[in-house]
Participant: 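This is the structure I have questions about; it appears just below.
Just so you know, these numbers use all the heavy atoms, side chains as well, and skip hydrogens, waters and symmetry mates. Predicted, not measured: the structure shown is a model, and the values here were computed from it. So you know, we letter chains A, B, ... as the sequences are listed, proteins then strands, and number each from 1.
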2 protein chains.
Amino acid sequence: MIDPAEATVDGRPTPTLEEVAREAGVSRSTVSRVINDLPGVSARAREAVNRAIERLRYVPNEAARSLVTRRTNSIALVVSEPGDRVFGDPFFAGVLRGIHAGLAGSKRQLVLMLAGDDAGDEGEALENYLCSGHVDGALVVSMHGSDPLPGRLATAGVPVVAGGRPLGGAGVPYVDADNFTGGLLAARHLVSGGRRRIATIAGPEDMAVGIDRLVGWRRGLSEADLPTDAVVHSDFSVDGGAAAMAELLRRHPGIDGVFAAADIIAVGALRELTRQGRRVPEDVAVVGFDDSVFATSVTPALTTVRQPVEEFGRTLTWRLLAQLAGERHLPPSILLPTELVVRGSA
Amino acid sequence: MIDPAEATVDGRPTPTLEEVAREAGVSRSTVSRVINDLPGVSARAREAVNRAIERLRYVPNEAARSLVTRRTNSIALVVSEPGDRVFGDPFFAGVLRGIHAGLAGSKRQLVLMLAGDDAGDEGEALENYLCSGHVDGALVVSMHGSDPLPGRLATAGVPVVAGGRPLGGAGVPYVDADNFTGGLLAARHLVSGGRRRIATIAGPEDMAVGIDRLVGWRRGLSEADLPTDAVVHSDFSVDGGAAAMAELLRRHPGIDGVFAAADIIAVGALRELTRQGRRVPEDVAVVGFDDSVFATSVTPALTTVRQPVEEFGRTLTWRLLAQLAGERHLPPSILLPTELVVRGSA
DNA sequence: TTGAAAGCGCTACCAA
DNA sequence: TTGGTAGCGCTTTCAA
């Protein structure tokens, strides 16, 4: 086992602030001031220190630093997804991009953490990690059921923002897309296209995103006095979507329209419809959700509900950073707009 | 601004080891021993400490801990991708799953870092972060050109393993798929299917993955005395693949077979071929690479070269952990096997 | 089996 | 504008 205390650079032990001070002929305090860009240092001293830093290839020890400042300059992105096919979904890709963009210029690092399948041991390890001062705050996304994590973190004093409305109101601020309106728009579009027997492949029952889009869809059909009984739930995967579509066709053969709660689900639905010889959109119209890369990579291209994915990530980050900066009067929740994008499938 | 030094749990300041010791009626040393599972603690003392920890909801401060141990229990995954569409690619999803799996049970956390577009400021910030003791080691993937980062980290004493062969041999160990053989298999399959005018949409010119698959493809065609001049490069995106396909058809209208260096590229190629009225596989056979979710979500399903994506991630992790554990005689490089999966497109 | 005490490398306060 | 100094919370000898 390598002894980490023997860590070296080019064979020499890693330099400390003390040595930089000696090399520059000043005190530790002065070196510290230079490193942290604090005022009250003469140009001469500053230059001497910078030269010494350069010569010794000095890099401050973050552990020591954060031990005293109580800050780590990193924030966590916790993806609490039971399955681990999280990153296959372009939705996450977009959110991640947004978070990254939101973090740019903040000098904070992103720490990604996947909360494994079950609670069990891992869940606790995760909570410990987050509570033990590794991060200044946390973003929690893709929560299922009434996940206790956000609430726990908040209680433990770790600033948290949830991505997606937490079920059971965990009492933490959150950012979400306006999923209800999205579902509503999808339903209305199908209705106005003359469809009368409209089904939906809803998202997971234990996620707000699954519920809210479903409720919006229901509202849209009710407005037109159409039945809302053709509902099947699916996870966010192509195969899940295909299976759900098969189930739907079995139970309601007369379907002429489907709202899939995600493009990735719609892709599976499309595959199954084609397999069973139904034409899209002639026989069955399909509306997706997300306006992800999937929407334009299938034939016909998907009519879908666009949600501002990257903005989702940016907003999430902004909200957390604002909280960390101690800003007052922050909105407890933020809803981002969704809009319909009409293409070939409906 | 919230003063982090005032961090509290339920209004009380976060407890320290000192307070646990007082609460349990033992010394700090004993508490430390219990926390770290060290021998030489009486059952009675151990129990008292555990109760105190429970009561106070004590969580060790990692900064303090790693200041003395010089270990952080986290490793970095550095994705040095100039563009930021990294996570749209299912390849990363799989690798990430593998890494996560490989880390399970190691008590180490994964820190994901995206190395922004340019070197500039950000590159340095990244290097500083990694060198300042935030992580015990780093995994660097998706390198372009002869990225100096892995070499720099290694020089600075940070253990590194590269995912994908580093161009210009950075002198760090690496794990990669056998891309050469993959390209070779793809070419041979097209040849044996009777195709005579075979093109390739290669990956980026500045990545080993782009080069190695191309070289393998060339070898396969050379074996059959076929020309190897129909080459266009593309990034790993659907649109890039479509554009490359268009370019290829313009330059070589007589093409009857294409090897796309990634499924995501093949999807774009398929779209363009269809748009131009060429039937797949009748007019043009298409072979992809990855065997990702894209392969089966298009029509016809892609014949493709499978690479063991998750194993890639697991192996990467294993290699780094072994190195951290001080194991000797570790292989400097590991090549994972690739194999052909025949479906409808070729 | 236990406890006392010496730091780990840094920041922040106070005095000069 | 500077330097001295007291910790931050923990691990790790060394003695008892």
Side-chain angles (χ1 to χ4, degrees), chain A residues 1 3-9 13-49 52-53 56-73 128 131-134, chain B residues 1 3-9 13-49 52-53 56-73 128 131-134:
Chain A
M1 177 73 193
D3 181 351
E6 302 283 318
T8 60
V9 178
T14 74
T16 70
L17 185 144
E18 173 87 52
E19 298 168 53
V20 173
R22 201 182 312 136
E23 175 85 9
V26 297
S27 73
R28 283 169 21 197
S29 314
T30 299
V31 177
S32 178
R33 286 185 193 106
V34 172
I35 290 170
N36 295 291
D37 256 328
L38 295 177
V41 182
S42 66
R44 226 170 59 73
R46 169 161 276 128
E47 187 150 327
V49 169
I53 287 176
L56 300 176
R57 301 243 201 84
Y58 170 74
V59 179
N61 179 320
E62 286 301 326
R65 181 179 264 179
S66 85
L67 175 56
V68 30
T69 62
R70 306 306 201 106
R71 316 205 299 98
T72 64
N73 291 325
N128 273 351
C131 293
S132 62
H134 267 291
Chain B
M1 178 74 193
D3 181 350
E6 303 283 317
T8 59
V9 178
T14 72
T16 69
L17 184 145
E18 173 88 52
E19 296 167 55
V20 174
R22 201 183 312 135
E23 175 85 8
V26 299
S27 73
R28 289 180 359 211
S29 317
T30 299
V31 176
S32 179
R33 289 185 191 106
V34 171
I35 290 170
N36 295 291
D37 256 330
L38 295 176
V41 182
S42 67
R44 226 170 58 76
R46 168 159 277 128
E47 187 149 328
V49 170
I53 287 176
L56 299 176
R57 300 245 203 85
Y58 170 74
V59 179
N61 178 319
E62 286 301 325
R65 180 179 266 181
S66 83
L67 177 56
V68 29
T69 62
R70 306 304 200 106
R71 315 208 297 97
T72 64
N73 291 326
N128 273 351
C131 293
S132 62
H134 267 292

Participant: Quick one: what's the B/S/- string for nucleotides 8-16 of chain D, heavy-atom cutoff under 4.0 Å, read 5' to 3'?
Facilitator: BBBBBB---
Participant: Measuring only between side-chain heavy atoms, which start at C-beta, is B:I53 closer than 4.5 Å to B:I35?
Facilitator: yes
Participant: To the nearest Å, how far apart are A:R22 CZ and C:dG9 P?
Facilitator: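 The distance from CZ of A:R22 to P of C:dG9 comes to 12 Å, rounded to the nearest Å.
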Participant: Looking at every heavy atom in both B:A52 and B:A24, which two are closest together, and how far apart are they?
Facilitator: CB-CB, 3.9 Å
Participant: What integer distance in Å separates B:R44:CZ from C:dT1:C1'?
Facilitator: 11 Å
Participant: Walk me through whether A:E62 and A:R65 qualify under salt bridge (Lys or Arg N to Asp or Glu O under 4.0 Å).
Facilitator: CA-CA 5 Å; A:E62 286 301 326; A:R65 181 179 264 179; 3.2 Å; yes
Participant: For residues B:S27 and B:T30, determine if any side-chain heavy atom of one lies less than 4.5 Å from a side-chain heavy atom of the other.
Facilitator: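 Yes, side chains in contact.
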Participant: Using the test salt bridge (charged side-chain N to carboxylate O under 4.0 Å, His left out), find all partners of B:R46 that sit at least two apart in sequence or belong to another chain.
Facilitator: none
Participant: Report the distance from atom CZ of B:R71 to atom P of C:dC8, rounded to the nearest whole Å.
Facilitator: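 After rounding, the reported distance stands at 19 Å.
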Participant: Calculate the interatomic distance between A:E19 atom CD and C:dC8 atom P; express it in whole Å.
Facilitator: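 About 11 Å, once rounded to whole Å.
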Participant: For C:dT2, take OP1 and OP2 only and decide whether either is under 4.0 Å from a side-chain N or O of B:T30.
Facilitator: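 No, no such contact exists.
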Participant: Out of A:V34, A:V20, A:V41, A:V31, which residue meets the side-chain contact (heavy atoms from CB on, under 4.5 Å) rule with A:V26?
Facilitator: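 Among A:V34, A:V20, A:V41, A:V31, the one meeting side-chain contact (heavy atoms from CB on, under 4.5 Å) with A:V26 is A:V31.
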